[in-house]
Amino acid sequence: MEAIRRVVVVGASLAGVRATESLRAEGFDGDIVLVGAERHLPYDRPPLSKQYLTGDWSADRLPLRPRSHYDDLGVDLRLGTAAAGADLQAGRLDLADGGEVAFDGLVVATGATARTLPVEALAGVTVLRTLDDAADLRRSLLRRDGGRLVIIGGGFIGLEVAAAARSLGVHVTVVEAADRLLARVADRRAGETMQALHREHGVEFRLGVGVSGVRGSGRVESVHLTDGSTLVADAVVVGIGATPAVEWLAGSGLRLDDGVVCDSGCFAAPRVVAAGDVARWYDTRSGRLIRHEHWTNATEQARRAAANLLNGPDGALPYVPVPYVWSDQYGLRFQTAGELSDSAERRWEGNPASPRFVTRHLTDGRLTGVVGMGMNREFIARRRQLVAEHETIGA
Ligand SMILES: Cc1cc2nc3c(=O)[nH]c(=O)nc-3n(C[C@H](O)[C@H](O)[C@H](O)COP(=O)(O)OP(=O)(O)OC[C@H]3O[C@@H](n4cnc5c(N)ncnc54)[C@H](O)[C@@H]3O)c2cc1C
């Protein structure tokens, strides 16, 4: 395979920025073009539901890097420019504004977009994925001190928004269709502990019930639930997950199935790799295709994908991470590493009924996952142990 001379990275956020940095760190001295649909300098998303939402941080603290960083790296940064299609045979990226960019290597890093509810579009109803979403929500929360916020979805984003809103004196109700919180990312016990913590801070919960409608005249006034009850609302946040941003790749020949489907080395095609929330790759440890929507994954996968792109599929190393997620709520850090399951044997340190604990998950006597809250030092030690065991078994 001829050496790659011009790489286009689509998606100017965490995975895209890390990919450009890794290309240079690997010694690539050809052209790099970084194309991003948003007009903002690439920024960090985690503070959007935390320090930025509470008003503790202003927007100027959010960029991942200063503008000069891209000049220093020799990256041609094209913001406010969405990709509309890719011709892999011709090595051509089509832009929504009618322009084109040639490439001989492509990094897909378009992340995910927030899922919405099929309800009437009303002012005061928002998702939280972008800086623009967060700016709208922040304005609404800061203006409505003492108002009523309904959060639809009891996952990380919903709960972080709940914590931020409570710190601003807003009345919060979380509605979750499952019978417990954090159902997709943590075990039942951790979800219950988190719920108790939020209750202590005055958050109300409606679990095991769906949303049948959101009503208002122009602006949201109420949320209607499937059990027939109604919640009064001045603002609504819909936090029900995200969908990989792959529409622009329809017809490109890449396999699209809950993300861009990749092999274990993050290759979607011989000169195309994907990384971050958009990538669904073959995990050699579980023998399954998996996709992660977390900060650390976007960083680590972008590094591996960029190095593999330069080395080619034959020289590619598999991407086999030990997943890690954190979430900050009420000044406490909730963290998980590895695989968590309700069926694993669990060993607790600290008090599992309090927000200060570390739980080891064991499968057939082997450490397979760690959950922690508040006990950072202990969590870090257990996470290290998990990574070491993972490396020992060569998974
Ligand atoms: C509010 C919030 C809080 C979070 N908090 C945490 C946390 O505490 N801990 C944690 O582990 N993770 C957290 N995450 C998750 C983490 O931020 C994501 O996993 C990470 O941003 C993924 O990076 P990415 O680059 O893959 O995708 P994204 O950050 O989604 O970026 C993709 C970029 O591609 C652009 N794009 C999409 N389509 C196109 C196109 N056709 N052309 C050009 N550009 C396009 C998008 O506009 C976007 O800028 C949080 C996420 C959110 C939204």
Side-chain angles (χ1 to χ4, degrees), residues 8-20 33-53 62-64 77-86 93-97 99 101 106-115 126-135 137-138 151 153 155-161 163-164 185 237-239 241-250 252 259-260 266 274-280 291-303 305 321 323-329 332-337:
V8 173
V9 179
V10 186
S13 183
L14 185 59
V17 170
R18 294 290 184 261
T20 63
V33 184
L34 178 56
V35 174
E38 294 181 73
R39 64 194 158 83
H40 307 288
L41 206 54
Y43 59 88
D44 211 15
R45 286 179 211 275
L48 298 183
S49 49
K50 308 175 184 73
Q51 301 92 330
Y52 177 77
L53 200 54
L62 300 177
L64 289 165
L77 183 58
R78 304 204 191 166
L79 298 176
T81 310
L93 184 76
D94 297 323
L95 303 176
D97 64 10
V101 190
L106 179 67
V107 180
V108 178
T110 42
T113 47
R115 264 192 218 122
T126 182
V127 293
L128 180 51
R129 182 78 200 178
T130 66
L131 174 53
D132 294 344
D133 296 334
L137 179 59
R138 176 161 116 151
I151 297 170
F156 278 136
I157 303 263
L159 294 180
E160 288 181 357
V161 172
V185 285
V237 174
V238 180
T243 313
V246 294
E247 301 76 14
W248 65 280
L249 286 167
S252 65
V260 175
C266 310
D277 287 11
V278 75
R280 184 156 175 243
R291 192 170 68 76
H292 285 170
E293 290 179 3
H294 305 302
W295 196 96
T296 306
N297 180 67
T299 295
E300 294 178 348
Q301 191 172 26
R303 290 193 181 125
Y324 169 71
V325 190
W326 85 89
S327 173
D328 295 328
Q329 296 171 39
L332 288 168
R333 177 151 287 195
F334 178 83
Q335 305 173 85
T336 73

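Ligands are counted one by one from 1 in listed order, and the atoms in each one are counted from 1 as well.
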Report the distance from atom CG of Leu53 to atom CZ of Arg138, rounding to the nearest 0.5 Å.
8.0 Å

Return yes or no for this condition: an N or O of Ala83 is under 3.5 Å from an N or O of ligand 1.
yes

For ligand 1, is Lys50 a contact, meaning one of its heavy atoms is under 4.0 Å away?
yes

Ligand 1 and Ala15, any nitrogen or oxygen pair closer than 3.5 angstrom?
yes

Taking a cutoff of less than 4.0 Å between a non-hydrogen atom of the residue and any ligand atom, is Val278 in contact with ligand 1?
no

Quick one: does Ala245 get an N or O within less than 3.5 Å of an N or O on ligand 1?
no

Spacing of Gln51 atom CD and Leu62 atom CG [to the nearest 0.5 Å]:
9.0 Å

With heavy atoms only and a cut-off of under 4.0 Å, state how Trp326 meets ligand 1: side chain, backbone, both or neither.
both

Look at the side chain of Ser49 and the backbone N and O of Ile157, then say whether any donor-acceptor pair between them is shorter than 3.5 Å.
no

Proximal atoms of ligand 1 relative to Ser13 (non-hydrogen, under 4.0 Å):
25 (O), 28 (P), 29 (O), 31 (O), 32 (C), 33 (C), 49 (O)

Is there a heavy atom of Thr81 sitting under 4.0 angstrom from any atom of ligand 1?
yes

Below 3.5 angstrom, do we get any N/O pair linking Tyr324 and ligand 1?
no

To the closest 0.5 Å, what do you measure between CG (Asp133) and CZ (Arg45)?
9.0 Å

Tyr52 side chain near Asp44 side chain, heavy-atom distance below 4.5 Å:
no

So, is Thr296 polar-close to ligand 1, with some N/O to N/O distance under 3.5 Å?
no

Looking only at heavy atoms, the pair that brings His294 and Asp277 closest together is N-OD1, 3.6 Å

Please state which part of Ala112 comes within less than 4.0 Å of ligand 1, counting heavy atoms only: side chain, backbone, both or neither.
backbone

With only distance considered, is Leu14 within less than 3.5 Å of ligand 1 through an N or O on each side?
yes

Between the OG1 atom in Thr296 and the CD atom in Gln301, the distance rounded to the nearest 0.5 Å is 12.0 Å

Assess the side chains of Tyr43 and Glu38: does a donor N or O sit below 3.5 Å from an acceptor N or O?
yes

Report, in ascending order of atom number, the atoms of ligand 1 lying under 4.0 Å from any heavy atom of Leu128.
1 (C), 53 (C)

Please classify the Trp248 to ligand 1 contact at 4.0 Å (heavy-atom distances, strictly less than): side chain, backbone, both or neither.
side chain

To the nearest 0.5 Å, what is the distance between OG1 on Thr81 and CG on Leu34?
10.0 Å

Classify the contact between Asn297 and ligand 1 as side chain, backbone, both or neither, using a heavy-atom distance cut-off of under 4.0 Å.
neither

Val10: numbered ligand 1 atoms lying under 4.0 Å from its heavy atoms
42 (N), 43 (C)

Counting only N and O atoms by type, is there a donor-acceptor contact under 3.5 Å from the side chain of Arg78 to the main-chain atoms of Val33?
no

Closest approach of Leu128 and Leu48, non-hydrogen atoms and distance?
CD2-O, 4.1 Å

Backbone N/O of Arg18 and side chain of Arg303: donor-acceptor pair under 3.5 Å
no

Numbered atoms of ligand 1 (with element) below 4.0 Å of Glu293, judged on heavy atoms
15 (C), 19 (O)

With side chains defined as the heavy atoms from C-beta onward, is the minimum distance between Leu159 and Phe334 less than 4.5 Å?
no

Numbered in order shown, the ligand 1 atoms found under 4.0 Å of a heavy atom of Gly276 are 26 (O)

Which ligand 1 atoms does Ala298 reach within 4.0 Å, using its non-hydrogen atoms?
22 (C), 23 (O)

Filtering His292, Arg39, Arg45, Glu38 for the heavy atom nearest atom 28 (P) of ligand 1 leaves Arg45

Side chain, backbone, both or neither: which part of Ala242 has a heavy atom under 4.0 Å from ligand 1?
neither

